[in-house]
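These values consider heavy atoms only, across backbone and side chains, with no hydrogens, waters or symmetry-generated copies. Residue numbering restarts at 1 for every chain, and letters A, B, ... go by the order of the sequence lines. None of the values given here were measured: they were computed from a predicted structure.
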Number of protein chains: 2
Amino acid sequence: MPRPGRPGRIYRAVVAYYSKYPKFHVAVDCIVFAVKEGRLCMLLVKRDFEPEKGKWSLIGGFTRDTESVDAAAKRVLRELTGLKNVYMQQVGAFGDIDRDPGERVVSVAYFALLNYDDVDHAAVEESGAKWVEVDEIPPLGFDHPRMIVKAREEMRRRIFSEPLVFRLLPEMFTLTQVQNLVEAVVGEPLDKRNFRKRLCDNPCIAATESFDKSLSRRGARLYRYLPPVETGNVKFKI
Amino acid sequence: MPRPGRPGRIYRAVVAYYSKYPKFHVAVDCIVFAVKEGRLCMLLVKRDFEPEKGKWSLIGGFTRDTESVDAAAKRVLRELTGLKNVYMQQVGAFGDIDRDPGERVVSVAYFALLNYDDVDHAAVEESGAKWVEVDEIPPLGFDHPRMIVKAREEMRRRIFSEPLVFRLLPEMFTLTQVQNLVEAVVGEPLDKRNFRKRLCDNPCIAATESFDKSLSRRGARLYRYLPPVETGNVKFKI
DNA sequence: GATTTTGGGTGTAAAATTAACACTCATTTT
DNA sequence: AAAATGAGTGTTAATTTTACACCCAAAATC
């Protein structure tokens, strides 16, 4: 596949050298997180095609000639959720010989964090995808379980030092929502008072005058996340 | 490339489906760290072949049909240093369209930590590779600078919570050696007394009766690292 | 209109960890 | 004998982390 703008002689020499080596399909797989009805969920699809037909799997696709691998991950996610500008983070490359029972495929896994309310639910429905609670993951095909484990580890490692949570919550949120989410990520309960204290010490959290009355008689104050530009790039710390 | 043991009909259908998508070369690049003469160094090669001929680059190679991507990284490193069982850690996949000026290549980067004394220096010499101090990296081709930045970030993040340093040091080492190395990784000086206190509090460090007299009149006590099995799998913390 | 119910909200004290800091030691060289 | 070199060592103040239990506001019920 010669591309324009290459010097001919050198280019042919390089291709001749490279061509001794095999090529593989390069897939992307997305571990998509969102909070649905207060619970941390992941997006899975039931495969109605081979290989691994009938099993659940992560959403994925193949990288095209015309896009970077990172761009392929973004595209796959956009095709499914209708969302652009989603926070995505590479989890790693998975390259075992037999990881795909069909053909040799190397896959690069990403995790994505998004706000459930922004999702195009019709598009998700149509592609047979479902939101599944992170603690109720069904058996999955391929090496997807490994990918998920690694994605969750990565998230756990970063949740206290990077403002990841706010990508999963609506623009205005209660402190309880934040705490429930962090607890779901780290997998253990946290002390309410200490958690709120630390969170509110953070200059990137601003109280609003609105209240969420959907859960309690009294109502819970809503907060807003201020991105670093507005707060002087302070280091985030929960 | 049909492989044995596949059910024919399904296999053909999968291949037909997959074949709509392009294949790419899958490379591996290794960021190889070692301590040479007390300084943290990386292994680089001067390329005497296209593309990027004449520039310095990381050591790398292509993944073969017969090996996983991780195994390819191990092989490339073994071919160069003569070492097996080296600690390697994936840094990430790099998949920009034009990252290789020759052809489309997706590369998976790894960092490797090894003890300089174990290296086959003749083999390194022969392949035109050189040890270069991490603060004196020459201009590099491809996207190798980005790979190095990410590898060093990763290392910095883990150095205090995982026993990485001991993979870079000889079996017996002085506390000063450890401190110099950690300082090279984090890029800032550390308090000597606090550092030594923390390090020696660690049950995985054992004092020996030997001394290194090469640097001081007095001599410095040599210590040994005890792997977790011997210490009851305590969490590592410097 | 008093009572119950529900999740929201709040402060302090003890314990643990981290940070700052400067001199002596043992040995060799001069 | 003096100087030079890197090795080694403890204490105190400051900060951070942990543990912990009750009242609040509003609506619903009786």
Side-chain angles (χ1 to χ4, degrees), chain A residues 35 37-39 156-157 159-161 165 169-170 172-184 186-225 234-238, chain B residues 35 37-39 156-157 159-161 165 169-170 172-184 186-225 234-238:
Chain A
V35 177
E37 291 152 22
R39 295 167 185 285
R156 212 172 302 140
R157 179 161 38 234
I159 193 104
F160 289 109
S161 56
V165 269
L169 293 171
M172 302 223 287
F173 47 82
T174 67
L175 299 182
T176 305
Q177 278 179 289
V178 181
Q179 183 169 351
N180 289 341
L181 176 49
V182 174
E183 286 178 340
V186 303
E188 56 187 25
L190 300 169
D191 180 90
K192 182 161 72 155
R193 282 188 284 193
N194 294 334
F195 183 84
R196 295 165 92 95
K197 216 183 308 162
R198 282 200 302 272
L199 198 57
C200 294
D201 278 351
N202 226 300
C204 63
I205 306 290
T208 72
E209 291 310 310
S210 314
F211 287 78
D212 171 5
K213 302 223 168 189
S214 63
L215 283 179
S216 74
R217 320 288 191 217
R218 179 184 181 178
R221 186 181 287 275
L222 289 163
Y223 291 77
R224 193 190 294 278
Y225 170 69
V234 226
K235 261 181 200 142
F236 182 79
K237 171 88 187 295
I238 295 186
Chain B
V35 178
E37 292 152 21
R39 296 165 185 287
R156 212 172 301 138
R157 178 162 38 238
I159 193 102
F160 289 110
S161 57
V165 270
L169 293 171
M172 303 223 286
F173 46 82
T174 67
L175 299 182
T176 305
Q177 279 179 290
V178 180
Q179 182 170 353
N180 289 341
L181 176 48
V182 174
E183 286 177 342
V186 302
E188 58 188 23
L190 301 170
D191 181 89
K192 182 162 71 152
R193 281 188 284 193
N194 292 335
F195 183 84
R196 295 165 92 95
K197 217 183 308 162
R198 281 201 301 272
L199 197 57
C200 294
D201 278 352
N202 226 301
C204 63
I205 307 289
T208 72
E209 290 312 309
S210 314
F211 288 78
D212 171 5
K213 302 224 168 189
S214 63
L215 283 178
S216 76
R217 323 286 192 214
R218 180 183 180 176
R221 186 181 288 275
L222 289 163
Y223 290 77
R224 193 190 295 279
Y225 170 70
V234 226
K235 261 182 198 143
F236 182 78
K237 173 90 184 297
I238 295 188

**Fill in**
Contacts of A:Arg224 meeting side-chain hydrogen bond (donor to acceptor under 3.5 Å, both in side chains) (sequence neighbours excluded), chain-then-number -> A:Glu171
**Rounded distance (Å) that lies between atom P of D:dG8 and atom CG of B:Leu199** = 12 Å
**Message:** I'd like to check the side-chain hydrogen bond (donor to acceptor under 3.5 Å, both in side chains) partners of B:Arg157; sequence neighbours left out, ordered by chain and number.
**Reply:** B:Glu154
**Message:** From CZ of A:Phe195 over to P of C:dG7, roughly how many Å is that when rounded to an integer?
**Reply:** 19 Å
**Request:** Give a yes or no answer on whether the side chain of A:Glu183 reaches the backbone of A:Leu190 with a donor-acceptor pair at less than 3.5 Å.
**Result:** yes
**Euclidean distance, atom CG of residue A:Leu215 to atom C1' of D:dA26 [Å, nearest integer]** = 14 Å
**Request:** Could you grab the distance from atom OG1 of A:Thr176 to atom CZ of A:Arg221, nearest 0.5 Å is fine?
**Result:** 13.0 Å
**Message:** From NZ of B:Lys213 over to C1' of D:dG6, roughly how many Å is that when rounded to an integer?
**Reply:** 13 Å
**Asked** Please give, in whole Å, the distance from C:dA19 P to B:Ile238 CD1?
**Response** 14 Å
Would you tabulate the nitrogen or oxygen pairs shorter than 3.5 Å linking the protein to nucleotides 1-5 of chain C?
none

**Message:** Just the rounded figure in Å: distance from P of D:dA25 to CG of A:Asp212.
**Reply:** 18 Å
**Item:** Side-chain N or O of B:Ser216 closer than 4.0 Å to phosphate OP1/OP2 of D:dA7
**Value:** no
**Item:** Whole-Å distance separating the CG atom of A:Asp201 from the P atom of C:dT10
**Value:** 13 Å
**Asked** If you look at every strand shown and take non-hydrogen atoms under 4.0 Å, does A:Thr174 touch a base, only sugar-phosphate, or nothing?
**Response** nothing
**Prompt:** For residues 206-217 of chain B, which residue pairs qualify under side chain to side chain donor-acceptor pair (under 3.5 Å), counting only residues two or more places apart or in two chains?
**Reply:** B:Asp212-B:Ser214
**Message:** Any side-chain to backbone donor/acceptor pair from B:Asn180 onto B:Arg39? Under 3.5 Å, distance only.
**Reply:** no
**Request:** Could you walk me through whether B:Tyr225 and B:Val165 pass side chain to side chain contact (heavy atoms under 4.5 Å, CB included), step by step?
**Result:** CA-CA 10 Å; B:Tyr225 170 70; B:Val165 270; over 6 Å; no
**Asked** Taking OP1 and OP2 of D:dA7, is either one under 4.0 Å from a side-chain nitrogen or oxygen of B:Arg221?
**Response** no
**Asked** Excluding sequence neighbours, so at least two apart, what forms side-chain hydrogen bond (donor to acceptor under 3.5 Å, both in side chains) with A:Lys197?
**Response** A:Asn194
**Request:** Let me have a per-nucleotide readout for nucleotides 15-24 of chain D, 5' to 3', with B, S or -, counting only protein heavy atoms under 4.0 Å.
**Result:** --SBBBB--B
**Complete:** Closest non-hydrogen atoms of B:Phe160 and B:Val186, given as atom of the first, atom of the second and distance, are CE1-CG1, 3.6 Å
**Prompt:** Once you round it to whole Å, what is the distance between P of D:dA26 and CZ of A:Phe211?
**Reply:** 9 Å
